[in-house]
Amino acid sequence: MGTTRGWRRWPGPIALACLVAVVLSGCAPQVIGDEYDAPGPGVRSDGSIDTRPAVGWVEPGARFFVTTYGSSSCPTAPTAVTTTDDGRGLDVALRRTGGNACTADLGPASYALDLPEGFRPRQAVVVSLHFADDDRVVRRTLRR
């Protein structure tokens with residue numbers, strides 16, 4: 001009888017597993033956009049691969065893509081797209097996904113994103129990519 005009362009103080013194995021799952025999923029960033037099969041910058045003339053972040057139009061004036069490079073099991077993904085304070089450019093927040101155990105490979109991750117509502121793109125739109133994991137900002141330009 002004493003064992004039964006003591007066991008009731010602790011959550012059962014299923015309840016404990018659910019609690020752990022909720023806590024862990026609460027830490028994962030909310031990814032926006034759609035995975036996109038974008039070409040990225042490509043191969044340089046010397047045969048090396050250009051792994052700089054890239055942006056491009058999917059549907060000019062409506063959707064664009066962002067390509068980053070990193071671990072294929074923990075890709076860097078967009079979590080927010082907003083218009084800059086001056087209304088002329090875009091800010092894209094990016095965060096590494098996948099947890100703490102990532103593969104040591106290097107691959108592209110591309111996402112197609114909608115322009116923020118009310119944003120009217122010009123001939124050239126400066127996109128500021130904010131990498132939350134290392135506080136880096138990279139600027140790229142979308143051109144029509």
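In this chain, numbering begins with 1 at the start of the sequence shown.
No side-chain heavy atom of F64 sits under 4.5 Å from any side-chain heavy atom of V125. Using a 4.5 Å heavy-atom threshold, the side chains of P75 and E35 count as separate.
For the salt bridge (charged side-chain N to carboxylate O under 4.0 Å, His left out) condition, the pairs that include at least one residue of residues 58-82, sequence neighbours left out, are D34-R63, R63-D114. Sequence neighbours left out, not one pair with a member in residues 69-90 passes salt bridge (charged side-chain N to carboxylate O under 4.0 Å, His left out). The salt bridge (charged side-chain N to carboxylate O under 4.0 Å, His left out) contacts involving residues 127-144 comprise D134-R136, where partners must be two or more places apart or lie in separate chains.
If you chain together hydrophobic residues whose side chains sit under 4.5 Å apart, I32 and L90 fall into the same group. Tracing side-chain contacts under 4.5 Å through hydrophobic residues (I, L, V, M, F, W, Y), one never reaches V66 starting from V126; they form parts of separate clusters. A continuous path of ILVMFWY side-chain contacts below 4.5 Å connects V81 to V138, so both sit in one hydrophobic cluster. L129 and L115 fall within a single hydrophobic cluster, where Ile, Leu, Val, Met, Phe, Trp and Tyr side chains are chained together by heavy-atom contacts under 4.5 Å.
Here the closest heavy-atom approach between residue R96 and residue C74 is recorded as CG-O, 3.4 Å.
Rounded to the nearest 0.5 Å, atoms CG (L142) and CZ (F65) are 8.5 Å apart. Rounded to the nearest 0.5 angstrom, F131 CZ and T76 OG1 are separated by 6.5 Å. From L113, atom CG reaches atom OH of Y36 across 11.5 Å, with rounding to the nearest 0.5 Å.
Without hydrogens or angle criteria, T68 side chain to P53 main chain gives no donor-acceptor distance under 3.5 Å.
For P60, the side-chain contact (heavy atoms from CB on, under 4.5 Å) partners two or more places apart in sequence, or in a different chain, are W57. Every residue meeting the side-chain contact (heavy atoms from CB on, under 4.5 Å) condition with T79, not counting sequence neighbours, appears here in chain and number order: P29, A93, R95. Under the side chain to side chain donor-acceptor pair (under 3.5 Å) criterion, S71 pairs with S73, T103, sequence neighbours left out.
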